[in-house]
Protein chains: 2
Amino acid sequence: MSCGPREGHALSQEVKRLATTRRPTLKDVAQAAGVSTTTASVVLNDRRDGVRVPDATRHRVQQTAEDLGYRPNILARSLRTQETRTIGFVSDEVTTTPFAVGMLAAAQDEAARHGYLLFVVNLGPNAPLALQEQAIDQLTQHQVGHFIYGCMYHRLVDPPLGLPADTVFLNCEANGGRHRSIVPDDRQGAYEVAAELIKAGHRRIAFLDDHRHPPASRLRFDGFRAALAEHGLDYEPALHLKTTPFVRGGLVLSDLIGLPAEQRPTAVFCYNDRIAMGAYRAARTRGLRVPDDLSIVGFDDQEFIASELDPPLTTVRLPHREMGQLAIQLVLDEPGALDDVPAPEGNVIRIAGELVRRDSVAKPHSDLGQSDASSS
Amino acid sequence: MSCGPREGHALSQEVKRLATTRRPTLKDVAQAAGVSTTTASVVLNDRRDGVRVPDATRHRVQQTAEDLGYRPNILARSLRTQETRTIGFVSDEVTTTPFAVGMLAAAQDEAARHGYLLFVVNLGPNAPLALQEQAIDQLTQHQVGHFIYGCMYHRLVDPPLGLPADTVFLNCEANGGRHRSIVPDDRQGAYEVAAELIKAGHRRIAFLDDHRHPPASRLRFDGFRAALAEHGLDYEPALHLKTTPFVRGGLVLSDLIGLPAEQRPTAVFCYNDRIAMGAYRAARTRGLRVPDDLSIVGFDDQEFIASELDPPLTTVRLPHREMGQLAIQLVLDEPGALDDVPAPEGNVIRIAGELVRRDSVAKPHSDLGQSDASSS
DNA sequence: CTGAAAGCGCTTACAG
DNA sequence: CTGAAAGCGCTTACAG
């Protein structure tokens with residue numbers, strides 16, 4: 001009973017035939033190996049549960065699959081199992097702007113670790129809800145099982161319709177509070193950099209704030225004030241300037257450092273690194289050296305900025321990678337995902353940033369010109 | 001003949017039933033509308049070809065689909081049609097780094113315009129070929145029909161196995177020359193900025209080069225030399241410094257500007273904006289003002305850098321968005337995609353960047369101190 | 001004009 | 001241990 005398929009010769013012919021035509025299917029493998037598709041499926045998926053396939057058969061099937069270069073069609077499998085192993089990453093513009101792109105990269109890494117693929121769609125800034133819902137609909141038609149909704153910067157969003165209940169909002173909070181969300185712990189980060197300034201001896205610290213007051217602004221300000229309060233310092237409204245969160249926004253510092261010595265701040269807390277970059281410039285223009293004459297701290301640890309300023313900027317790193325990774329873990333129900341993370345406040349998880357000490361902080365000159373630089 | 005399904009009442013019950021259970025399928029719609037799945041499929045896909053469905057039937061089916069909230073299962077459709085409308089965007093690290101991220105964003109936009117979804121996988125820098133091929137295999141199992149292989153910066157890559165012949169290499173060229181590729185026209189860009197310097201009157205122009213000599217380096221250097229030659233200027237090897245392509249790399253400029261006035265360059269062409277940033281710093285340290293004492297140009301128009309330098313940097317914008325868009329068009333065989341683009345050299349298409357004039361170029365001081373600033 | 005049927009490539013009860 | 005059969009949700013010749 002030399003039934004074709006098992007013989008080397010027939011097999012190699014089969015190999016040749018398939019190579020020149022379509023990609024081999026499970027059925028091809030089964031036929032070539034002389035088993036049913038059931039058996040072929042069971043061994044190729046390594047399903048141990050209950051089913052025992054003799055080693056000989058198992059090896060024959062595996063070998064045949066390899067010889068034929070068989071690769072399963074995930075579409076067909078997904079249709080049958082109702083599970084695509086695919087995640088939709090939709091965002092306002094994390095793809096467009098080099099800002100929070102670490103979230104996407106980390107999410108992609110973590111997804112790959114779990115054998116998942118990421119569909120990414122970038123809505124663009126201020127996409128109308130209808131457009132967002134259309135994108136979500138398209139993803140849904142592709143049967144994506146899980147959704148992450150990412151934002152470029154920490155803000156509040158109206159959740160588009162069509163997103164499943166277990167969607168994770170990344171770097172934003174969904175109005176209504178019905179969705180889980182992961183955001184940076186801006187308050188804690190601000191507290192830490194502010195404390196850094198205070199511990200260096202600063203008493204009059206300016207705050208260069210984002211005039212549009214996004215959630216992160218309030219939180220960073222809270223952390224700033226908490227640090228002041230904890231060290232018995234008063235918050236001085238006159239030193240709290242609202243400005244535009246770009247480099248040119250930092251130039252408003254000029255006004256403050258033009259003040260008489262007793263009123264002038266000795267340090268500046270900037271809402272973000274770009275404002276800090278402007279603050280450096282304002283200081284230089286006024287002939288003040290950083291940090292000798294003026295200490296400056298930022299927020300974000302923005303790539304190509306914070307570390308490249310002269311002197312390098314003390315700031316707080318936003319935990320974008322950690323956030324992206326956690327988002328995937330949550331969405332996939334990874335056990336223990338929440339173990340290393342502070343307890344959520346309701347539906348929002350706040351991930352701590354990290355104080356990055358560089359060279360933009362020094363102790364202040366004495367207010368009255370005494371003890372200028374003679375200690376050590 | 002009051003056959004159930006057509007009546008409002010029965011339909012609304014059907015609606016209710018489905019709402020509380022699974023998502024409705026084409027079969028559900030067909031049954032509720034009292035037609036076969038064939039008909040339902042034909043009208044919902046708006047297939048005019050040959051098939052004429054009476055308007056009454058057509059509308060009934062459409063209305064039923066809407067009432068039930070029917071959304072096709074693309075997986076099932078794709079399995080049948082052998083076409084997923086899905087593109088694999090695999091890259092070394094365009095997702096990890098904020099550098100060429102515009103390529104991805106533009107690709108995603110263009111894909112959306114065509115009704116395609118993007119799978120993005122980020123391999124990470126220097127991923128071993130085996131890992132790359134595994135990712136490609138996974139994408140292939142998901143039946144993605146088209147591939148784009150993107151790189152963070154213009155370079156040569158060994159094409160991983162498994163990529164289809166019509167893969168488009170984006171911001172890189174595949175060794176072997178068998179694949180289409182889209183890269184910036186570095187030579188032309190360099191020619192333009194260099195000419196800008198020469199036209200301002202500069203004769204001794206330093207070149208701060210990337211010491212690792214990526215393809216872009218050679219091309220930019222070629223463009224630089226071509227501009228010199230065209231204006232009858234000699235290339236002076238002593239002014240050609242190889243350095244590391246980061247901010248600190250620009251500091252080597254110190255050596256050059258310490259030279260006696262007759263040997264000192266009056267302008268600097270930097271391989272990229274980060275080197276230019278370092279060059280600014282070196283100039284400042286030596287007490288030279290940009291552009292009054294020294295003109296500087298960069299390359300890349302890197303976000304948050306070029307426009308934010310003081311003074312803002314004249315540079316060339318890399319056409320990342322155009323490249324990303326074109327990649328999608330090529331891969332989808334969009335007719336006319338190549339119309340607005342220079343003829344390919346073999347398999348490589350070079351897209352021109354754009355000279356961005358800002359404030360870092362001025363005419364040089366006279367070599368011998370004469371005619372300092374007294375014209376005009 | 002419309003429907004019954006086959007089939008895309010899998011997985012998974014269910015029988016034997 | 002192994003296979004025949006059903007079915008995931010579609011589209012598309014093919015008949016009528």
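Atoms considered below: every heavy atom in the structure, side chains included; atoms not considered: hydrogens, waters and symmetry mates. Note that the coordinates shown come from a computational prediction; the quantities given were computed from them, not determined experimentally. Note on naming: letters A, B, ... go to the chains in the order of the sequence lines (proteins, then strands), and numbering restarts at 1 for each one.
Contacts classified as side chain to side chain donor-acceptor pair (under 3.5 Å) and involving residues 75-88 of chain A (residues at least two apart or in different chains) are given here: A/N45-A/R77. Legend: salt bridge (Lys or Arg N to Asp or Glu O under 4.0 Å) pairs involving residues 118-128 of chain B, not counting sequence neighbours: none detected. Sorted by first then second residue, the salt bridge (Lys or Arg N to Asp or Glu O under 4.0 Å) pairs that include residues 119-140 of chain B, not counting sequence neighbours, are A/R71-B/D137.
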Could you go through residues 328-339 of chain A and list every donor-acceptor pair under 3.5 Å that involves a side-chain atom there, pairing it with any protein atom two or more places apart or in another chain?
{"unit_1": "A/Q329", "atom_1": "NE2", "unit_2": "A/E110", "atom_2": "OE2", "d": "3.1"}

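Atom-to-atom, NE2 of A/H142 to P of D/dG9 comes out at 17 Å; the value is rounded to the nearest Å. Following rounding to the nearest Å, B/I74 (CD1) and C/dC8 (P) show an atom-to-atom distance of 20 Å. Between the C1' atom of D/dC10 and the CD atom of B/E83 lies a distance of 15 Å, rounded to the nearest Å. The interatomic distance linking B/Q143 (CD) with C/dG9 (C1') rounds to 9 Å, in whole Å. Separating the CZ atom of A/R71 from the P atom of C/dC10 is a distance of 11 Å, rounded to the nearest angstrom. Put simply, CD on B/Q82 is 13 Å from C1' on C/dC10, counting in whole angstrom units. The distance between atom NZ of A/K27 and atom C1' of D/dA5, rounded to the nearest whole Å, is 13 Å. The distance from atom CZ of B/R85 to atom P of D/dC10 is 17 Å, rounded to the nearest whole Å.
Every residue meeting the side-chain hydrogen bond (donor to acceptor under 3.5 Å, both in side chains) condition with B/D158, not counting sequence neighbours, appears here in chain and number order: B/N175. For B/D166, there are no salt bridge (Lys or Arg N to Asp or Glu O under 4.0 Å) partners, not counting sequence neighbours. With sequence neighbours excluded, no residue forms a side-chain hydrogen bond (donor to acceptor under 3.5 Å, both in side chains) with A/N73.
Checked for salt-bridge contact, A/R58 and A/D46 meet the test: a charged N lies under 4.0 Å from a carboxylate O. Remark: B/R23 does not engage B/D28 in a salt bridge, criterion side-chain N to carboxylate O under 4.0 Å.
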- Message: Once pairs are restricted to Watson-Crick or G-U wobble with both distances under 3.5 Å, how does DNA chain C read as a dot-bracket string, [ ] for crossings and | for other-strand pairs?
- Response: |||.||||||||.|||
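Nucleic acid contact class of A/S78 (heavy atoms, under 4.0 Å, all strands): none.
Note on B/T25: every side-chain N or O is 4.0 Å or more away from OP1 and OP2 of D/dG9.
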Between protein and nucleotides 11-13 of chain C, what N or O pairs are separated by less than 3.5 Å?
{"unit_1": "C/dT11", "atom_1": "OP1", "unit_2": "A/N45", "atom_2": "ND2", "d": "2.9"}
{"unit_1": "C/dT11", "atom_1": "OP1", "unit_2": "A/R77", "atom_2": "NE", "d": "2.9"}
{"unit_1": "C/dT11", "atom_1": "OP1", "unit_2": "A/R77", "atom_2": "NH2", "d": "3.4"}
{"unit_1": "C/dT11", "atom_1": "OP2", "unit_2": "A/S41", "atom_2": "OG", "d": "2.6"}
{"unit_1": "C/dT11", "atom_1": "OP2", "unit_2": "A/N45", "atom_2": "ND2", "d": "3.2"}
{"unit_1": "C/dT11", "atom_1": "O2", "unit_2": "A/R80", "atom_2": "NH1", "d": "2.1"}
{"unit_1": "C/dT12", "atom_1": "OP2", "unit_2": "A/R47", "atom_2": "NE", "d": "3.4"}
{"unit_1": "C/dT12", "atom_1": "O4'", "unit_2": "A/R80", "atom_2": "NH2", "d": "3.2"}
{"unit_1": "C/dT12", "atom_1": "O4", "unit_2": "A/T38", "atom_2": "OG1", "d": "3.2"}

